[in-house]
Structures are given as structure tokens and as C-alpha cells.
Enquirer: 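Structure incoming, see below.
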There are 2 protein chains.
Amino acid sequence: MDSHEPFDVFMQECPSREIMQRLGDKWTPLVLLALAGGPQRFSALRERIGAVTPKVLTNTLRNLERDGLVQRTVFAQVPVRVDYELTDLGQGILEPMEILRLWSEEHVPKVLAARERFDARG
Amino acid sequence: MDSHEPFDVFMQECPSREIMQRLGDKWTPLVLLALAGGPQRFSALRERIGAVTPKVLTNTLRNLERDGLVQRTVFAQVPVRVDYELTDLGQGILEPMEILRLWSEEHVPKVLAARERFDARG
DNA sequence: GTAGTCGGTATCTAAAGGATACCATTGTGT
DNA sequence: ACACAATGGTATCCTTTAGATACCGACTAC
């Protein structure tokens, strides 16, 4: 049951905790999944994801870039073009994210039913 | 490449998106993982998780209860005892959460190195 | 010079998270 | 009777994060 890793998310000061919490940022999973198909431009990400504001998308992407999951490339064109793509490290997180996504999509009915039951009780 | 599910996290109004974003709440993964070993009391969860305040822990647990992932049981003892445990639905999300945890713990060095590189550039 | 494109930033408001103190219940010790 | 302790929270206040909206700078085409 115990982990044999040198890092442990249950140790309060362990960096792995912060990293896991970052992966669960509100928009991080969607951004990573949106990049699954290859490099994407900023505006394409905005369109694909839909409800995210530019400020927050920028922030999410900066964090991912800083953590080495995403590579940002600027093309000196006019108008300027910026591509975001997964690094090798970022590729490695795709599968867990897909699993999370599939779970969410598959269990919608059960979760909605549970909510109705809960709300009915008050 | 397209999903054949009736729900799609990339559809802005799809409940699956909200569900996935809830799974990525700041404390949700840790709470679910803390419940992996069986029922836990409120205070035990607080201790195990460490930096979470009671208000936020209550909130996280309420959301999980509402979504049917966690069962809350009150024992009429003195002092009162409250157990939280995973439902069947909640059990099903454990594996994805474990994967996320392992990824986070395994890739700490790479992420930290990426951060240093990023911050060095400014 | 006017308008359009792209990738953002600036500013302000609303919501979520965090720190700290406190409460209700009842058993026990004195 | 009285204070005290344990558990599982609330209540209050403050800070941080997210959201809405407007705008900017570089350049090009008209």
C-alpha cells in the first residue's frame, strides 16, 4: 500500500503535491487534451475549449510551459503566429488525462442521478 | 480521434466538463486517494492531507457526496463520529487518480528541472 | 489613414480558497 | 454544579484565483 517513490503527495511539502494540484487546475486537463492532436495556435485553443478567457488561458499555458509540459514557439510572421505543443514530458501525461476524460464522459448519468437524489433530500 | 461517447468535455455545456473540472478541484484527488484504504473520519482526513482547512475539506466532501462518489455516515456516539467512504462509483475513479498521483511523483525531477530552465531565462 | 489579424495585457468584479475563532453535544473528572 | 475535553463541523474575515470586458502593438492590405 505504501509508495516506494522518493516523493509522496501526502507529504505536505513534497513538490509532487503541487504538481498534482497543478494537473488538476480548472483548465489544465482541457488544454492538454486539446493539444493531443498536435501543435495548436492560441486562438485555436480558445475556440476548441470555448469558455476560457484569454487571461486564464495564457496563465494556464505559461504554467504548463514553465513545468516543461508544453513548448511555446513564436513565428515571426505578420500577424504573429504562436504555436503551443506538447513536449515529450507533456505527451506522457496525455494517457492519464484521457482516462480522466473518459471516466467523466462515461459516468455523467450516474453523477447526475446522484445529484438529484442528494438535492431531493436537501 | 473523435469520441463516440454521447458526452464530450469539449462541448461547452456538457455536464462531463463540469464533472472533469470537479475531479480536478484542488483537494479532490487527495481526498479520494486518502479514502482508498477504507472509511476515514473527518479528523483523520484532515491529518492525512495536512494543509487543508476544515471549511474547504467540508466543501470538498460535500461536493463528492453530492456527486455520489463518497458516502457520509454519522454514528450517534459521543463525541459524534462521522465516516466518509468511497461508493462503488467512487471506487471506480481511484485508478485514474492513482495514475495521476504516480505520474506526479515520478516526474518531480523533470518538472523541477524545467522550472529552473524557464526561470533562468526570465 | 482606416480597418483587420493575432496574441496577448490591463482593469475591474466575482468566486473560491485560507486563517482563525468559535459552537453544539454530551461524558468525565472534581 | 462546574469546568474541561473530543469531534465535526460553522462563522467571519482576508487573500488569491478566475471571469468579463476593453484595449494594445505590430504589421499588412486596401
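Quick note on labels: first sequence line is chain A, next is B, and so on, each numbered from 1.
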Enquirer: I want to check one thing: is the phosphate of dT17(D), taken as OP1 and OP2, less than 4.0 Å away from some side-chain N or O of W27(A)?
Expert: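 The answer is no; no side-chain N or O of W27(A) sits under 4.0 Å from OP1 or OP2.
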Enquirer: Nearest whole angstrom, please: distance from the P of dC27(D) to the CZ of R81(A).
Expert: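 R81(A) atom CZ is separated from dC27(D) atom P by 18 Å.
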Enquirer: For E47(B) and dT7(D), give me the distance from atom CD to atom P, rounded to whole Å.
Expert: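 Rounded to the whole Å, the gap is 9 Å.
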Enquirer: Grab the CG-P distance between L57(A) and dT17(D) for me, whole Å please.
Expert: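 Rounded to the whole Å, the gap is 18 Å.
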Enquirer: Does T87(B) reach the main-chain N or O of Q71(B) with its side chain, forming a donor-acceptor pair under 3.5 Å?
Expert: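 No.
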Enquirer: OP1, OP2 of dG8(D) versus side-chain N and O of S43(B): anything below 4.0 Å?
Expert: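 So the side chain of S43(B) is within the cut-off, an N or O lying under 4.0 Å from OP1 or OP2 of dG8(D).
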Enquirer: Given the ring of F10(B), does R48(A) sit roughly above its face, with NZ or CZ under 6.0 Å from the centre of the six-membered ring and within 45° of the axis?
Expert: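 Satisfied, under 6.0 Å and within 45°.
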Enquirer: Are OP1 or OP2 of dG8(C) and a side-chain N or O of Y84(A) less than 4.0 angstrom apart?
Expert: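 For dG8(C), OP1 or OP2 has a side-chain N or O of Y84(A) closer than 4.0 Å.
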Enquirer: For a quick test of reading the model: is some side-chain N or O of R72(A) closer than 4.0 Å to OP1 or OP2 of dG8(C)?
Expert: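 Yes, R72(A) has a side-chain N/O under 4.0 Å of OP1/OP2 on dG8(C).
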Enquirer: Can you tell me which residue among E65(A), R41(A), R72(A) is in a side chain to side chain donor-acceptor pair (under 3.5 Å) with Y84(A)?
Expert: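 Output: one option passes, namely R72(A).
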Enquirer: 5'-most contact on DNA chain D: V78(A) or D25(A), nearest heavy atom basis?
Expert: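 That would be D25(A).
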Enquirer: Give the rounded distance in Å between these two atoms: CD of Q77(A) and P of dC27(D).
Expert: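 Value for this atom pair: 14 Å.
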Enquirer: Between C1' on dT17(D) and CZ on R22(A), what's the gap in Å once rounded to a whole number?
Expert: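 It works out to 12 Å between those atoms.
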Enquirer: So, S104(A) side chain and I19(B) main chain: donor-acceptor pair closer than 3.5 Å or not?
Expert: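 The answer is no, because no donor-acceptor pair under 3.5 Å joins these two groups.
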Enquirer: Measuring to OP1 and OP2 of dT7(D), would you say a side-chain N or O of R41(B) lies under 4.0 angstrom away?
Expert: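 Negative; the distance criterion is not met.
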Enquirer: In terms of heavy-atom contacts, does CG of D88(B) have more than 12 from other residues, nucleotides or ligands at under 6.0 Å?
Expert: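 For D88(B), atom CG is not crowded (no more than 12 foreign heavy atoms under 6.0 Å).
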Enquirer: In whole Å, what is the span from the CZ atom of R46(B) to the C1' atom of dT20(C)?
Expert: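 So the two atoms are 11 Å apart, to the nearest Å.
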Enquirer: With the side chain counted from C-beta on, respond yes when L30(B) and W27(B) share a heavy-atom pair under 4.5 Å apart, and no when they do not.
Expert: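 L30(B) vs W27(B): side chains touch.
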Enquirer: Just compare dG7(C), dG19(D), dG17(C) and give me whichever is closest to any side-chain atom of V56(A).
Expert: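 So the nucleotide nearest the side chain must be dG19(D).
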Enquirer: Can you tell which of dG7(C), dG19(D), dG18(C) lies closest to the side chain of T53(A)?
Expert: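 Output: dG19(D).
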Enquirer: Hey, does the side chain of K26(B) come within less than 4.0 Å of dT17(D)'s phosphate (OP1/OP2), counting only N and O?
Expert: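 Negative; the distance criterion is not met.
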Enquirer: Just compare dG19(D), dG8(D), dG7(C) and give me whichever is closest to any side-chain atom of V82(A).
Expert: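 For the V82(A) side chain, the nearest candidate turns out to be dG7(C).
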Enquirer: Consider the side chain of P54(B), meaning its heavy atoms from C-beta on, and name the nucleotide among dA22(D), dC6(C), dT20(C) that approaches it most closely.
Expert: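 The nucleotide sitting nearest to the side chain is dT20(C).
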Enquirer: Taking the side chain of P79(A) as its heavy atoms from C-beta onward, which of dA10(C), dT7(D), dT5(C) lies nearest to it?
Expert: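 In terms of side-chain proximity for P79(A), the closest of dA10(C), dT7(D), dT5(C) is dT5(C).
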Enquirer: Do K55(B) side-chain and dG9(D) base share a donor-acceptor contact under 3.5 Å?
Expert: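 Checked by distance alone, the answer is no.
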Enquirer: Could you state the atom-to-atom distance from CD of Q21(B) to C1' of dA18(D) in whole Å?
Expert: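 Between C1' of dA18(D) and CD of Q21(B): 11 Å.
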Enquirer: Just N and O in the side chain of R62(B): are any of them under 4.0 Å from OP1 or OP2 of dG8(D)?
Expert: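 For dG8(D), neither OP1 nor OP2 has a side-chain N or O of R62(B) closer than 4.0 Å.
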Enquirer: Once you round it to whole Å, what is the distance between P of dG8(D) and CD of Q40(B)?
Expert: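 After rounding, the reported distance stands at 11 Å.
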